[in-house]
Amino acid sequence: MPELPEMETYENLLVRKISGKTITDVTVNREKSINTSVSDFINRVKNQEITAIDRRAKHLLFYLKSGDVLLLHLMLGGLMFYGTEEEKLDRTVQIQLSFGKHYLYFIGLRLGYLHLLSLGEVEQVLTDLGPEPLDEQFTREVFLDVSKNKRGRLKTTLVDQEFLSGIGNRYSDEIAWHAQIMPARKMNELDEQGMNRLYDSIRFVLQQAIKYGGYMEQPLYHGDTLTGGYGTRMYVYDREGDPCSRCGTLITKGEMSSRKVFFCGKCQF
DNA sequence: AGGGCAACCCGGACGC
DNA sequence: TGCGTCCGGGTTGCCC
């Protein structure tokens with residue numbers, strides 16, 4: 001569920017907490033969440049310093065001093081919490097990393113994972129991802145170019161990680177609403193103005209979401225007031241029956257490619 | 001190429 | 001309280 005802005009928020013907050021710190025202990029309660037044996041995982045992660053943290057699409061990368069990388073994907077329902085044992089949430093923890101008396105808890109990892117990889121392996125795994133929508137190299141010209149041969153629906157295209165990386169079910173709807181385009185519209189039916197609005201909306205919605213800390217409900221740590229601030233600022237997602245804040249028409253819920261889709265039937269075309 | 005769909009996975013919400 | 005049931009949803013792979 002976490003998308004680009006949620007992972008970006010996590011990254012920015014975690015850098016201040018654990019960057020440069022040493023992982024003093026490791027607990028793996030769910031072996032399926034990792035890609036090696038528990039003993040091997042612990043051997044290679046324990047006592048390693050986290051030298052840097054980076055984000056790519058919906059992934060978070062924890063660089064270890066050894067050269068290994070912990071590659072995190074929260075998939076559906078995954079979340080993190082950082083705090084002491086007393087502050088720990090009443091949730092099942094799949095993996096925890098210790099930093100002295102503080103812990104980084106990985107919660108809700110069902111299909112989500114924390115894989116231990118070499119730099120080369122990480123590159124391999126991430127190789128098919130499309131451009132980062134907020135990268136300065138992702139210019140309007142680049143967007144128009146990669147969209148040129150797209151004949152699919154807008155929503156389907158936006159969530160395609162090979163087209164653009166980091167956008168998921170929620171932000172695709174928010175972007176379509178902001179650009180005033182129907183999620184089911186075919187990309188190649190959009191005129192120049194529509195394409196320009198779409199490019200602007202992709203950047204604007206994601207930037208706003210990052211500014212307000214994304215939509216994760218659970219703060220990352222005790223006293224974290226940033227995380228989740230965008231949750232109340234979403235215009236259409238999970239707002240079926242609410243009035244559209246642009247035209248007052250009630251928001252419609254539908255289904256597309258077996259995923260939920262929300263839109264305003266009047267001011268999106 | 002795009003659309004549809006099954007499989008993956010299991011905690012937590014919900015119903016009785 | 002407790003047990004059973006079902007949902008969610010990003011990603012991959014396969015088929016049409």
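Each chain gets a letter, A, B and so on, in the order the sequences are listed, and its residues count up from 1.
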Checklist entry - How about A:Tyr235 and A:His178: are their ring centres within less than 6.0 Å of each other? => result no
Item to check | Short side-chain donor-acceptor distance under 3.5 Å, A:Tyr221 and A:Glu87 | outcome: no
Next on the checklist: Whether the side chain of A:Gln268 engages the backbone of A:Gln180 through a donor-acceptor N/O pair (distance < 3.5 Å, no angle test) should be reported.
Outcome noted: no
Checklist entry - Would you say a side-chain N or O of A:Arg151 is under 4.0 Å from OP1 or OP2 of B:dG3? => result no
Checklist entry - Counting side-chain heavy atoms from C-beta on, which of B:dG3, B:dG11, C:dT11 comes nearest to A:Gln94? => result B:dG11
Next on the checklist: I need the CG-C1' distance between A:Asp238 and C:dC7, as an integer number of Å.
Outcome noted: 13 Å
Next on the checklist: From the set B:dG2, B:dC10, C:dG10, return the single nucleotide nearest to any side-chain atom of A:Leu111.
Outcome noted: C:dG10
Item to check | A:Lys150 side-chain N/O to B:dG2 phosphate OP1/OP2 under 4.0 Å | outcome: yes
Next on the checklist: Using whole Å, what does the distance between atom P of nucleotide B:dC9 and atom OH of A:Tyr113 come to?
Outcome noted: 14 Å
Item to check | Residue-phosphate contact under 4.0 Å: A:Lys58 side-chain N/O, C:dT11 OP1/OP2 | outcome: yes
Checklist entry - Between A:Gln161 and C:dG10, does any side-chain N or O lie under 4.0 Å from OP1 or OP2? => result no
Next on the checklist: Using a 4.0 Å heavy-atom cut-off, does A:Gly152 contact any base of the nucleic acid, only the sugar-phosphate backbone, or nothing at all?
Outcome noted: sugar-phosphate
Item to check | A:Asp128 CG - C:dG10 P separation (whole Å) | outcome: 19 Å
Checklist entry - Under the 6.0 Å and 45° cation-pi test, does A:Arg170 pair with A:Tyr215? => result yes
Checklist entry - Could A:Arg246 and A:Trp177 be counted as a cation-pi pair, given that NZ or CZ must be under 6.0 Å from the ring centre and within 45° of the axis? => result yes
Item to check | Approximate separation, where rounding is to 0.5 Å, of A:Leu71 CG and A:Leu60 CG | outcome: 9.0 Å
Checklist outcome for this item: When rounded to whole Å, the CG to P distance for the pair A:Leu74 and B:dG11 reads 16 Å
Checklist outcome for this item: In whole angstroms, the gap separating P of B:dG2 from CD of A:Glu162 amounts to 11 Å
Checklist entry - Taking five pairs at each end, how big is the angle between the two axes of the helix from B:dG2-C:dC16 to B:dC16-C:dG2, to 10°? => result 40°
Checklist outcome for this item: Between CD of A:Glu255 and P of B:dC5 the distance, given in whole Å, is 9 Å
Item to check | Presence of A:Arg153 side-chain N/O under 4.0 Å of B:dG4 phosphate oxygens OP1/OP2 | outcome: yes
Item to check | Distance (rounded to the nearest 0.5 Å) between A:Arg55 CZ and A:Leu14 CG | outcome: 13.5 Å
Checklist entry - Taking only N and O in the side chain of A:His73, is any of them less than 4.0 Å away from OP1 or OP2 of C:dG10? => result no
Checklist entry - Nearest-Å distance, NE2 (A:His115) to P (C:dT12)? => result 12 Å
Item to check | Residue closer to the 5' end of DNA chain B, A:Met75 versus A:Arg91 (nearest nucleotide) | outcome: A:Met75
Next on the checklist: Under 6.0 Å from the ring centre and within 45 degrees of the ring axis: does the NZ or CZ of A:Arg140 meet both conditions for the six-membered ring of A:Tyr199?
Outcome noted: no
Checklist entry - How close or far is atom C1' of C:dG10 from atom CG of A:Leu71, stated in whole angstroms? => result 14 Å
Next on the checklist: Once you apply a heavy-atom cut-off of 4.0 Å, does A:Thr92 come out as touching a base, just sugar-phosphate, or nothing?
Outcome noted: sugar-phosphate
